[in-house]
Amino acid sequence: MSAYKSDFLNVLATRGFIHQISDAAGLDALAAKSEAVAYVGYDCTAASLHVGHLLSIMMLHWLQATGNKPIALMGGGTTRVGDPSGRDETRKLLTYEQIDANKASIRTTFDKFITFGAGKSDAVMIDNAEWLTKLNYIEMLREVGRHFSINRMLTMDSVKLRLEREQELSFIEFNYMILQSYDYVELARRFGCNLQMGGSDQWGNIVNGIDLGRRMGTHQLYALTCPLLTTASGAKMGKTAAGAVWLNADMLSPYDYWQFWRNTEDGDVARFLKLFTTLPLDEIEKLAALKGAEINEAKKVLANEATALMHGRAAADQAEGTARKTFEEGALADTLPTIDIPANALDQGYGVLTAAVTAGLVASTGEARRQIKSGGLRVNDAAVSDEKLALTRANLTPEGVIKISLGKKKHVLLKPV
RNA sequence: GGGGGAAUGUCCCGAGCGGCAAAGGGGGCGGACUGUAAAUCCGCUGGCUAUGCCUUCGUAGGUUCGAGUCCUACUUCCCCCA
C-alpha cells in the first residue's frame, strides 16, 4: 500500500487526492524529509470559497499534518486578470473593491484547516497582489516574458480549447498563466516553496511555472494536481439547487452544509469520506461496507465530520439533531432555519404565497402557486391545496411557530415577533 | 478597408410564414416510487394586487391595427476577401 516513502504522498494517494505529479520520486524525497513547501492559489472571485475548493484545502491540511509547510496564496493580483482555464467565456472583470472584499471574506476559511504561524511547518498566507501590482511592464517582459514561447502556450489546453471552439481569448487572459508562473517563482524565492498543488485543470499553469523556475534559476519545483470532482452520476460537484455550496457560514448555514453532505449519492460516500474527512481509513472501510439503507449511517458520519471540520463540532451536532428530529422523528425541530414575521400579520391573515416567498422557499408568488398546484408546499406538514389560504394564529404550533416546507427537505419556521 | 452571417425566454443550447408569453432539449424544482440515495415515470419551469394587467427575443428608431419576425442606424461576435 505504501508506494511512497513520505507520509504526505502516502496519505494523499490512499485517500484519492492524486491526479498527476510532475516528478513523484523527487517530491517524495522532499516530503519524506518534511521539506515540502507547497502552495495553492485561490482567486478572489466570490465572497466565499465553495466545496470545489475543499479538495485542495484538504491537501494543504494533510501537507501540514505530515510535517510540511503550506502556503495559502490569495489571488488578489491574479483575480484582477482572470483565469481562462476551463471557461468558454471571458470572466467579467471584478473591481478592485470587490476583490478586496472577497479576499477578506475568504481568508478565515483557512484557519479551520491549517495552523498559521512562524514555525517551520506553520502555514503562511500571502497575497500575490503584493508583487504582481508592482511589476513594471518592460522589466517583466525582459525578465519573464522572454522565457515564454507563444508556440508552446498555444498548445496549452486552456488556450487551445478556446481557439478550437473559436471562442474569444483576450490578451489579458492570455497573460494569466504568465502571472501564475511568476507567482510560483516568487514564492520559491521568498519561502523556498517547491510544490504547487491545484485541480487538474491547473496542470498547465503549474507546469509552466516549473518551467519558468528552471529558466530563472530557482531550485527544482514540483506539481501535484487532484482530480476534478464529479458525483457518481456525473454532475459537477458543489452545485445544488440553491447554487454553490459555500463554505462561509453567512452564505450557507451549517445546517444546509450538513444537509449537502447528508444527501450524497450512495456511490460517492466512501470516496467523499476519504477526501473530505480526517477519519482513519480503516474506519472509513467499515462505513463503506454498509449496504442498502444502512449507507445512510455512513452519510451521517460524512455530514458530521465534514461539518465539524468546517463549522466546528457543536454546529455539526446541532445540525444532526435538527435533521434527526425533522426527518426521523417527524417532530418539530426549533433549530430549523427561522424567519421572523410581524405578529400582527397573523391577526390580519398572512397569505401562504407571501409566506413562502418570505421564507425564501420560492422566488415568486407565481412559483408558490405552481408548487401548491403540484402539492409541494406544506404548512405544518399538511399539504396546502388552496393558494388563497391565510395563515393566522390558529396555525401556530404549541411551540409558537409555523413550519412551512417545500418538498421533503426544505423547511423554514416562521416566528411571529 | 470591402462582402456575407449571427445575437431568442438573464442557467445553458436552440426552433420561430407579421397575431407570440414564443416549439423542442439540457439543467433545475415539485409529485410518485424509495432510504433525506440512484435509476425510472409524471407535472412545472416570465412577473403581478390575476377570468385581467405588465415586462420579455443585442440597442435605438421606423413601417403596420398588430413586429421576435419587415425597414434604417448603432453595438458586439463570426466567416470570406484585402
Side-chain angles (χ1 to χ4, degrees), chain A residues 46 86-92 162-170 173 230-245 255-273 287-288 290-304 306-307 319-331 333 336-337 345 348-379 381-388 390 403-412:
Chain A
R87 307 199 133 239
D88 278 350
E89 286 167 25
T90 308
R91 280 176 197 270
K92 280 192 304 247
R162 285 280 191 92
L163 295 180
E164 276 172 3
R165 291 191 204 166
E166 298 181 346
Q167 305 273 9
E168 169 79 358
L169 177 70
S170 71
E173 295 174 277
T230 52
T231 66
S233 50
K236 228 182 229 164
M237 173 95 186
K239 297 282 178 189
T240 64
V245 179
Y255 171 73
D256 287 327
Y257 189 76
W258 192 94
Q259 281 294 323
F260 167 75
W261 293 108
R262 174 63 183 79
N263 285 304
T264 298
E265 293 178 29
D266 286 7
D268 289 326
V269 175
R271 194 160 53 108
F272 286 3
L273 279 167
L287 292 168
L290 296 174
K291 292 279 178 280
E294 290 183 339
I295 293 177
N296 284 329
E297 293 310 309
K299 292 185 188 182
K300 284 181 213 164
V301 174
L302 171 63
N304 283 340
T307 306
E320 185 188 17
T322 304
R324 185 176 355 95
K325 277 192 202 163
T326 305
F327 292 98
E328 294 178 22
E329 297 166 15
L336 280 170
Q348 298 150 10
Y350 193 52
V352 255
L353 299 177
T354 323
V357 174
T358 309
L361 292 173
V362 292
S364 66
T365 58
E367 192 188 340
R369 269 176 236 273
R370 277 180 242 123
Q371 293 294 4
I372 287 173
K373 218 170 281 172
S374 53
L377 193 71
R378 277 166 299 141
V379 170
D381 296 320
V384 176
S385 55
D386 176 14
E387 59 181 48
K388 293 210 177 71
K403 178 170 152 192
I404 174 162
S405 318
L406 178 70
K408 296 204 178 73
K409 297 184 189 174
K410 279 166 275 181
H411 309 279
V412 174

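Residue numbers begin at 1 in each chain, while the letters A, B, ... track the order of the sequences.
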Please state whether the rings of Tyr257(A) and Phe260(A) are parallel, tilted or perpendicular, taking 30° and 60° as the class boundaries.
tilted
Checking Phe327(A) now: which residues fulfil ring pair (Phe, Tyr, Trp, His ring centres under 6.0 Å) with it, not counting sequence neighbours?
His411(A)
What pairs of residues pass the salt bridge (Lys or Arg N to Asp or Glu O under 4.0 Å) test when at least one of them lies in residues 295-304 of chain A, not counting sequence neighbours?
Asp266(A)-Lys299(A), Glu297(A)-Lys300(A), Lys300(A)-Glu328(A)
Would you measure the distance from the C1' atom in C57(B) across to the matching atom in G52(B) and give it in whole Å?
24 Å
Torsion-based syn/anti label for C20(B), 90° from 0 as limit
syn
Quantified in whole Å, what is the P atom distance between nucleotide G43(B) and nucleotide C80(B)?
46 Å
In whole Å, what separates the P atom of G2(B) from that of A73(B)?
13 Å
Answer yes or no: is there a side-chain heavy-atom contact under 4.5 Å between Ile372(A) and Leu353(A)?
yes
Report the residues that fulfil side chain to side chain donor-acceptor pair (under 3.5 Å) with Asn304(A), sequence neighbours left out, ordered by chain and then residue number.
Trp258(A), Glu320(A)
Side-chain N or O of Arg370(A) closer than 4.0 Å to phosphate OP1/OP2 of G28(B)
no
Inter-nucleotide P distance (U72(B), C78(B)), Å rounded:
24 Å
Distances under 3.5 Å between protein N/O atoms and the N/O atoms of nucleotides 40-43 of chain B, please, pair by pair.
none

Euclidean distance for P, C13(B) against A7(B) (whole angstrom)
12 Å
Assert: residue with more 5' nearest nucleotide on RNA chain B, out of Gly407(A) and Gly292(A), is Gly407(A)
Think Lys409(A) has a side-chain N or O under 4.0 angstrom from the OP1 or OP2 of A37(B)?
yes
Same-atom distance (C1') from U69(B) to G62(B), integer angstrom:
15 Å
If you look at every strand shown and take non-hydrogen atoms under 4.0 Å, does Lys373(A) touch a base, only sugar-phosphate, or nothing?
nothing
Taking only the side-chain heavy atoms of Lys408(A) (C-beta and beyond), determine which of C48(B), U34(B), C29(B) contains the nearest atom.
U34(B)
Applying a 4.0 Å non-hydrogen cut-off, can you work out what Glu328(A) is touching in the nucleic acid: base, sugar-phosphate, or nothing?
nothing
Quote, to the nearest angstrom, the P distance that separates C70(B) from A6(B).
10 Å
In chain order, what residues pass the side-chain contact (heavy atoms from CB on, under 4.5 Å) check against Ala298(A), with sequence neighbours excluded?
Val269(A), Leu287(A), Leu290(A)
Sequence neighbours excluded - side chain to side chain donor-acceptor pair (under 3.5 Å) pairs with any residue from residues 367-376 of chain A:
Arg369(A)-Glu387(A)
Please determine if a side-chain N or O atom of Thr365(A) lies less than 4.0 Å away from the OP1 or OP2 oxygen of G47(B).
no
Under 4.0 angstrom, heavy atoms only, what part of the nucleic acid is Arg324(A) near: base, sugar-phosphate, or nothing?
nothing
Base U45(B) to side chain Glu367(A), donor-acceptor N/O within 3.5 Å cut-off
no
Pick the C1' atom in G14(B) and in G68(B), then give their distance to the nearest Å.
14 Å
